[in-house]
Amino acid sequence: MNIQKCMQCLLVTVCALWGLGVSAAQAALQVLACEPEWAALVGELAGDRAQVVSATNARQDPHRIEARPSLIAAARRADLVVCTGADLETGWLPLLQRESGNARILPGQPGYFEAAAAVRLIERPAVLDRVLGDVHAAGNPHVHTDPRNVALIAKALAQRLGEIDPAGATIYADRHRTFAARWAEASARWQRQAQPLRGLPVVVYHRNWSYLAEWLGLRVVADLEPKPGIEPSARDLERLIEQLRAQPARMVLRAPYQSPRASDWIAQRSGMPVVMLPYTVGGTATARDLFELFDDTLRRLLAAAQ
Amino acid sequence: MQRTLPAAVVAALLCIAPSTRASETDARLEIERLRTEFEQRLRQLQEDYEKRLRALEARSERVGDTGLSARTADATGAPAVPTASTPSGTGFNPEISLILQGSYQQRKDLAERGLSGFLGAGHEHGSERGFRLDHSELVMQANVDTNFRAYLNAALVDGQAEVEEAWFQTLGLGQGMSVKGGRFYSRLGYLNTQHPHAWDFADAPLMYRAQFGERFSHDGLQLSWVAPTETYLELGAEAGRGDRFPGSSGGGNRNGAGAWTLFAKLGGDIGESHSWRAGIAQLSARPLARPGHWEDDAGVETEVAWSGLSRTWVADFIWKWAPDGNPVERNFKLQGEYFRRREGGDLSCIDNTAAGGACAGVSDRYDSTQSGWYAQAVYQFMPRWRTGMRYDRLDSGSQALGPGFAGVLSTTDFRPSRWSLMADYSPSEYARLRVQFARDRSQLGLTENQITLQYQMSLGSHGAHRF
């Protein structure tokens, strides 16, 4: 008797949820972005034509996310999944792709877009051994911190959007043209503003600033992590202080999702400021879109470099 | 370099163009001269570049072993030509991983271990105390082709390899549908799909021991469907051979299925910091001559065999918290499961009169309704360190023996329970060291303090874990 009631309850719930799901699926294109920067980019290129959900926020480490039920549900409804690739999401994305039963977003399908495939990756390890920490075989995946990469990815993404939703292809192409022009203009401005940063010695928490450093000509003299993905211990930090004495840096860079403890400790001991950069869209209150992301990043770097 | 080469070629061609107007031999000579000149220049250019590269490399080594500065030195130029990166896990070789685990267990020296009041899913012989090597898991998985993915998990123990799981799964059905076939862990409950290396405690909850020995797996087929809804909803059905407890090898020997599972799972997020999943499942099995152990009224061990219909309901709930959804620093996990099993059928007693027992091949009804639950909480209070607590409880419930067993067998009314405390340390996500203390009251008249030290090492390309 109880069991029957349970089943009835379940049936009603299923029907109600089905109704909800159908009403939610109104926009032309359902997009699941693995990181906020790609959600913002889809927003720039598709506008109202796509409904975008970001799997992570700026305070979450994209390496360390679980394949939560809500993400499986989002992957199930997605026409397109936009991710960084290069093994950044290896701990959760494969599960979303398989468990959701959505054939459109499997690797190799048009519905799976890998941003890293559109750019040149740096720091490709010569040796793959976990003794070296959490190394990414394909190279450093944090590609979006260089606006030149964003421009390349935007081009590839606009094309992909057009392939998946041919009816909107001209819209995506037009929006991309506008975006590319604005982006080129902003990039030139950033390049000018960043002149004083050239050659600036910095300490990073994790290698997630390598592309930014390459773009701006920052000189990364040390990582807080003893090995990629391994949190520094007190002993590692002591050693780092020694190293910084011989080779001083001007500031410590950290992302919002990284613990402030280690960087604050180093800052206190060495007298350098800690600069929290937004890292991605939503990382700071002012970094509300991709343009503001770089505006704010430069503003913070220049303020600390003075 | 890639930019300068075409330029040089164009320049060389431009030089060649006017010379062709002269006589043929002249032209040939001129071409020859130009070619050597071009090759010389090319060699010079190459040497020049190599020299500069070496200088840069040397400079980067001086700057530090980060290896970043060589690249930053020439950062003014545009990014190089894009190259396609190889997507992960698409090599033709399967992804291979190995999980090594072992422990030290401090226990009482008991001849036999079981759960009092439960016609158990087998029994453990109490020989496994002290240092011991647990199962070494060998996992291989890969996409078979565009339609299927396959997975093998083999547990290596001395002298044998047990196939824990070996299945294929469809990739391209779409519409949220997926079919799995082979040997697979049933999706009922929460812990049932997890391999021991993913457990938060060194051993399975008592509930799982009472229900399945350790877990329930099917040799059969699974069909599942994820609903296209905002809230996660998954429905599924499984049919299998049914040769594992609560089924039996005798029950598996038939055309058609010996065991069935139906399951439904519901889950979602509450804000950014909380996520949850709840599930309900039903397992039915038709065991035939399922073997068990029973102490008869004369106090002598007898072997029994049970045939009938066994139906189990399992409800599970898991809730996870992490500040802003970032579990790296701190996170909390609360999970609980409940089962209720109703069995109706016939028990027959294998004659043990020769050993001084009272059970002389009697057969009669044995019906039972039994239940159990556990709840556990695990808290990561700082990176690498976690601590957890678990409470187990079983209820032997109502058991009815037919009149034929009067004076031969009687039922034990007992409620096994256990408290467990654990702490573990994970220097990286691939290694874990654990200490566990448990106060075990799962056998009538026995309270045992158990200490377990355990290690788990994961090698190779370790696949992602489920929520």
Side-chain angles (χ1 to χ4, degrees), chain A residues 6 10 14 17-18 20-21 24-25 57 59-61 64 66-70 72-73 76-77 85-87 90-92 94-95 98 100-104 106-107 114 116-122 130 138-139 146 148-149 152 210 213-215 217-223 230-231 247 257 259, chain B residues 63-64 66-69 71-72 75-76 78-90 149 169 171-178 224-233 235 264-269 272 275 277 280 313 320 324-329 383-384 428 430 463-464 466-467:
Chain A
C6 254
L10 204 69
V14 169
L17 287 169
W18 178 270
L20 275 177
N57 66 38
R59 276 148 292 127
Q60 296 173 344
D61 184 342
R64 304 274 290 274
E66 279 194 277
R68 302 194 304 275
S70 62
I72 294 176
R76 161 71 171 95
R77 286 172 292 134
D87 281 352
T90 190
W92 49 283
L95 268 180
R98 293 201 294 266
S100 62
N102 182 352
R104 288 168 299 179
L106 288 170
E114 232 183 29
V119 298
R120 177 184 61 102
L121 298 185
I122 60 171
R130 292 244 163 88
D146 181 342
R148 297 168 301 180
N149 284 344
L152 290 171
S210 300
E214 187 184 64
W215 172 51
L218 305 178
R219 209 152 54 78
V220 179
V221 298
D223 300 17
I230 309 286
E231 279 111 49
Q247 198 175 46
Y257 66 80
S259 155
Chain B
V63 168
T66 55
L68 299 175
S69 36
R71 295 188 180 88
T72 60
T76 38
V81 188
T83 52
S85 78
T86 328
S88 63
T90 51
R149 180 173 182 82
Q169 188 179 21
L171 288 173
L173 286 188
Q175 305 300 322
M177 302 286 288
S178 164
S224 67
W225 176 72
V226 181
T229 46
E230 203 119 353
T231 307
Y232 164 77
L233 170 71
L235 304 174
K265 297 186 185 300
L266 199 64
D269 290 345
E272 283 181 331
S275 45
R277 204 192 80 181
I280 187 153
W313 282 90
K320 292 187 184 184
D324 295 324
N326 184 358
V328 179
E329 287 278 306
R384 306 176 191 191
S428 73
Y430 308 105
R466 274 216 179 88
F467 177 75

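Each chain gets a letter, A, B and so on, in the order its sequence line appears, and its residues count up from 1.
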Nearest non-hydrogen partners of [X] and [Y], listed with the distance:
X: B:Pro228; Y: A:Arg76; result: CD-NH2, 3.7 Å
X: A:Ala73; Y: B:Thr231; result: CB-C, 4.1 Å
X: B:Leu171; Y: A:Leu106; result: O-CD1, 3.3 Å
X: A:Ile72; Y: B:Tyr232; result: CG2-CE1, 3.8 Å
X: A:Ser259; Y: B:Glu329; result: CB-OE2, 3.1 Å

Checklist entry - What part of B:Lys320 gets closer than 4.5 Å to chain A, counting heavy atoms only: side chain, backbone, both or neither? => result side chain
Do the non-hydrogen side-chain atoms of [X] and [Y] ever get within less than 4.5 Å of each other?
X: B:Glu272; Y: A:Arg59; result: yes
X: B:Arg384; Y: A:Ile230; result: yes
X: A:Arg77; Y: B:Glu230; result: yes

Checklist outcome for this item: Heaviest contributor of heavy-atom pairs below 4.5 Å to chain B, chosen from A:Ala103, A:Gly139, A:Pro69, is A:Pro69
Item to check | Proximity breakdown for A:Asp61 and chain B, heavy-atom pairs closer than 4.5 Å | outcome: both
Checklist entry - Which bit of A:Glu231 comes within less than 4.5 Å of chain B, counting heavy atoms only: side chain, backbone, both or neither? => result both
Checklist outcome for this item: If you tally heavy-atom pairs under 4.5 Å between each of B:Gln169, B:Lys265, B:Gln175 and chain A, the highest tally belongs to B:Gln175
